[in-house]
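Input: a single structure, listed below in structure tokens.
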Amino acid sequence: MLLALAVGWLLTFTICTIAQQDALSSITLKSVDSWGYQLQNVVPRIVAKDGFDILVVDYSRDGTDVGALSVDEVAILRKRQGQPNRLILAYLSIGEAENYRYYWQNSWTEKSAVPVKPALVKGFAGPSDGIALGVPDRGAPLDKLTAAAPRWLSEENPEWRGNYLVRYWDNDWQALIFGSPSAYLDKVLAAGFDGVYLDKIDANDDWQSTRPTAERDMVDFVKKLAAYARQRRPTFLIVPQNAEELLEYSDYVLAIDAIAKEDLLTGGAQRKDGVPNPETEILKSKRHLDKALRAGRRVMVVEYLDQLDAIVSARRRLLSYKYIPLFARRALDEAPRVLSTSDAQK
């Protein structure tokens, strides 16, 4: 009898201990109240010291498999001493192809004859980090597609050289994104990330005039990607950036866990940092974003501001909307700014 009681107590103690460890293992999306977004110069042991509840990083330091973050490095980013682990999301562009990714083949384009100057490339560090990346001046002719280019590949983005619009509804492009060990999402899953931060969802805008189903195609793409990821890990998070108009599709809302919005209050379509957006545009976006809130989804907003007064004002407004604010440099090359307690109370 005593042996049975002892065994029962030990079993109960073990179960309770495991439950407590699980409860502390990671913060829940529902309780998140801060987030960080850094795509360049990510050094896990340094970035891990930031206190954010969610951290968005690139899965690779330079887009290659060699530069990919390991399972151990993702674990370092996740760990917080004395606090529940943060959630780590991997940046993943699904509306554009990037010529600094592992999947890119140089035969797909003809390079411009214009000399290439060293410069920051979206998502990665510059020459100071020993990575020989560069892009032509924005005024240089765009690179041309060759006969070897896949059917899903389209024109280069003049604002982000090295980034190419894609026919994201194409099966071959989607197979490159998920569905096999060599696919982008599958690499993210294997590295132990808690979810993905999907960029270029708004690529549907670029196709709207020539493809009437462009919005529906993007919704279906995100749904398939989400279903695939959750079959492998039920708790995997899907967080798209921008394209808040897609929240009008109820099945899209059901497929995502949160939505992020750039430049809600300032910056606008012209990316002029610090310039206030027209109130009509802000309220139009807010009407869409509030649909996500009402459906129990979190709304994360990043404003690219560096003036303290503007940050404090924007933070106060975003919090009144029940959105989770973040203030960062547009290059996303350093830890986002954290307001002091006194600043935050202004």
Open item on the list: Counting only heavy atoms not in Q208 (residues, nucleotides, ligands), do more than 12 fall under 6.0 Å from its CD?
Closed with: yes

TODO: Return the minimal non-hydrogen interatomic distance between V166 and A97, and the atom names on each side.
DONE: CG1-N, 3.5 Å

Open item on the list: Test your reading of the model: is there a side-chain donor-acceptor pair from E303 to the backbone of L265, 3.5 Å cut-off?
Closed with: yes

TODO: Please tell me if the side chains of W169 and N204 come closer than 4.5 Å, counting only heavy atoms from C-beta onward.
DONE: no

- [ ] Indicate yes or no: does D257 engage R230 in a salt bridge with an N to O separation below 4.0 Å.
- [x] yes

Task: Check: D202 side chain, N242 main-chain N or O, donor-acceptor pair, under 3.5 Å - done: no

TODO: Verify the distance criterion only: is there a donor paired with an acceptor across the side chains of S70 and D72 at less than 3.5 Å?
DONE: no

TODO: Before accepting this row, confirm whether a basic side-chain N of the pair R167/D206 lies closer than 4.0 Å to the acidic partner's carboxylate O.
DONE: no

Task: Over-ring placement of K286 relative to Y321, 6.0 Å and 45° cut-offs - done: yes

Task: Pair W104 and Y164, ring centroids less than 6.0 Å apart - done: yes

Task: Pairwise side-chain contact, I201 with L246, heavy-atom cut-off 4.5 Å (strictly under) - done: yes

Open item on the list: Taking D53's backbone N and O only, do any of them form a donor-acceptor pair with S34's side chain (distance below 3.5 Å, no angle check)?
Closed with: yes

Task: Sequence-distant partners of E248, salt bridge (charged side-chain N to carboxylate O under 4.0 Å, His left out), two or more places apart - done: K291

Open item on the list: Nearest 0.5 Å, please: how far is NE2 in H288 from NZ in K261?
Closed with: 9.5 Å

Task: Side chains of I27 and Q83 in contact at under 4.5 Å (non-hydrogen atoms) - done: no

TODO: Answer yes or no: is there a side-chain heavy-atom contact under 4.5 Å between Y102 and Y59?
DONE: yes

Task: T213 (side chain) donor-acceptor with D217 (main chain) under 3.5 angstrom - done: no

Task: Residues forming a salt bridge (charged side-chain N to carboxylate O under 4.0 Å, His left out) with R232, sequence neighbours excluded - done: none

- [ ] Locate the shortest heavy-atom distance separating A255 from A226; write the atom from each residue and the value.
- [x] O-CB, 3.7 Å

Task: Whether R298 side chain and V32 backbone form a donor-acceptor pair below 3.5 Å - done: yes

Task: Any Y91 side-chain heavy atom under 4.5 Å of D199 side chain - done: yes

Task: Y37 OH to L39 CG distance, which is reported to the nearest 0.5 Å - done: 5.0 Å

Open item on the list: Any non-hydrogen side-chain atom of L319 less than 4.5 Å from a side-chain atom of P325?
Closed with: yes

Open item on the list: Checking T146 against E110: is there a side-chain donor and acceptor pair closer than 3.5 Å?
Closed with: no

TODO: Any pair with a residue in residues 180-196 that passes salt bridge (Lys or Arg N to Asp or Glu O under 4.0 Å), sequence neighbours left out, goes on the list, sorted by first then second residue, please.
DONE: D65-K187, R78-D194

TODO: Search all heavy atoms of Y252 against all heavy atoms of L247 and return the closest pair with its distance.
DONE: CD2-N, 4.0 Å

- [ ] Go through the steps to decide whether L326 and V301 satisfy the test side chain to side chain contact (heavy atoms under 4.5 Å, CB included), and finish with yes or no.
- [x] CA-CA 6 Å; L326 168 67; V301 175; over 6 Å; no

Task: Value rounded to 0.5 Å, distance of CG in L153 from CG in L165 - done: 9.0 Å

Task: Residue pair A148 / S107: nearest heavy atoms and the distance that separates them - done: CB-O, 3.6 Å

TODO: Please state whether the rings of Y103 and Y184 are parallel, tilted or perpendicular, taking 30° and 60° as the class boundaries.
DONE: tilted

Task: W35 side-chain N/O to I324 backbone N/O, donor-acceptor pair under 3.5 Å - done: yes

TODO: Start with the C-alpha gap between R330 and D263, add the side-chain angles, then the distance that decides, and say whether side chain to side chain contact (heavy atoms under 4.5 Å, CB included) holds.
DONE: CA-CA 10 Å; R330 194 174 293 277; D263 301 311; 3.0 Å; yes

Open item on the list: Quick check on the hydrophobic clustering: are Y249 and M218 connected, directly or via other members, by side-chain heavy-atom contacts under 4.5 Å?
Closed with: yes

Open item on the list: Between D220 and R216, does any side-chain N to carboxylate O distance fall below 4.0 Å?
Closed with: yes

Task: Non-hydrogen side-chain atoms of V196 and L237 separated by less than 4.5 Å - done: no

Task: Heavy-atom closest contact (G162 atom, E156 atom, distance) - done: N-OE2, 2.8 Å

Task: Between Y323 and D290, a side-chain donor and acceptor under 3.5 Å - done: yes

Task: Verdict with supporting geometry, L225 and I94, side chain to side chain contact (heavy atoms under 4.5 Å, CB included) - done: CA-CA 10 Å; L225 183 155; I94 66 171; 4.2 Å; yes

Task: Inter-residue atom distance L55.CG - I88.CD1, 0.5 Å rounding - done: 4.5 Å

Task: Donor-acceptor contact below 3.5 Å, side chain W173 vs main chain E96 - done: no

Open item on the list: Regarding E281 and K284, does a basic nitrogen lie under 4.0 Å from an acidic carboxylate oxygen?
Closed with: no

Task: Check: S285 side chain, I282 main-chain N or O, donor-acceptor pair, under 3.5 Å - done: no

- [ ] To the nearest 0.5 Å, tell me how far I76 CD1 sits from L69 CG.
- [x] 10.0 Å

- [ ] Of all the heavy-atom pairs spanning L264 and N277, show the shortest one and how long it is.
- [x] O-ND2, 2.9 Å

Open item on the list: When you compare the side chains of Q241 and Y197, does any donor N or O come within less than 3.5 Å of an acceptor on the partner?
Closed with: yes

TODO: Evaluate the side-chain proximity of V57 to F193: yes if any heavy-atom separation is below 4.5 Å, no if none is.
DONE: yes

Open item on the list: R317 vs E279, test: salt bridge (Lys or Arg N to Asp or Glu O under 4.0 Å). Steps then yes/no.
Closed with: CA-CA 13 Å; R317 184 171 183 180; E279 197 66 20; 2.3 Å; yes

Open item on the list: Would the distance check show the side chain of E262 and the main-chain N or O of V302 forming a donor-acceptor pair, the cut-off being under 3.5 Å?
Closed with: no

Open item on the list: Does N99 form a side chain to side chain contact (heavy atoms under 4.5 Å, CB included) with T109? I'd like the steps, not just the answer.
Closed with: CA-CA 10 Å; N99 70 2; T109 58; over 6 Å; no

Open item on the list: Test of understanding: with salt bridge (charged side-chain N to carboxylate O under 4.0 Å, His left out), list the residues that count as partners of R297, not counting sequence neighbours.
Closed with: none

- [ ] Could you tell me whether R61 and E73 make a salt bridge, using a distance below 4.0 angstrom between a side-chain N and a carboxylate O?
- [x] yes

TODO: Could you tell me the separation between the NZ atom of K224 and the CZ atom of F178, rounded to the nearest 0.5 Å?
DONE: 6.0 Å

TODO: Sequence neighbours left out, what passes side-chain contact (heavy atoms from CB on, under 4.5 Å) with D172? Give chain and number order.
DONE: R151, W152, D170

Open item on the list: Going by the rule side-chain contact (heavy atoms from CB on, under 4.5 Å), which residues pair with T235 if we only count those two or more places apart in sequence or in a different chain?
Closed with: R233

Task: Any donor-acceptor N/O pair, R329 side chain to Y304 backbone, under 3.5 Å - done: no

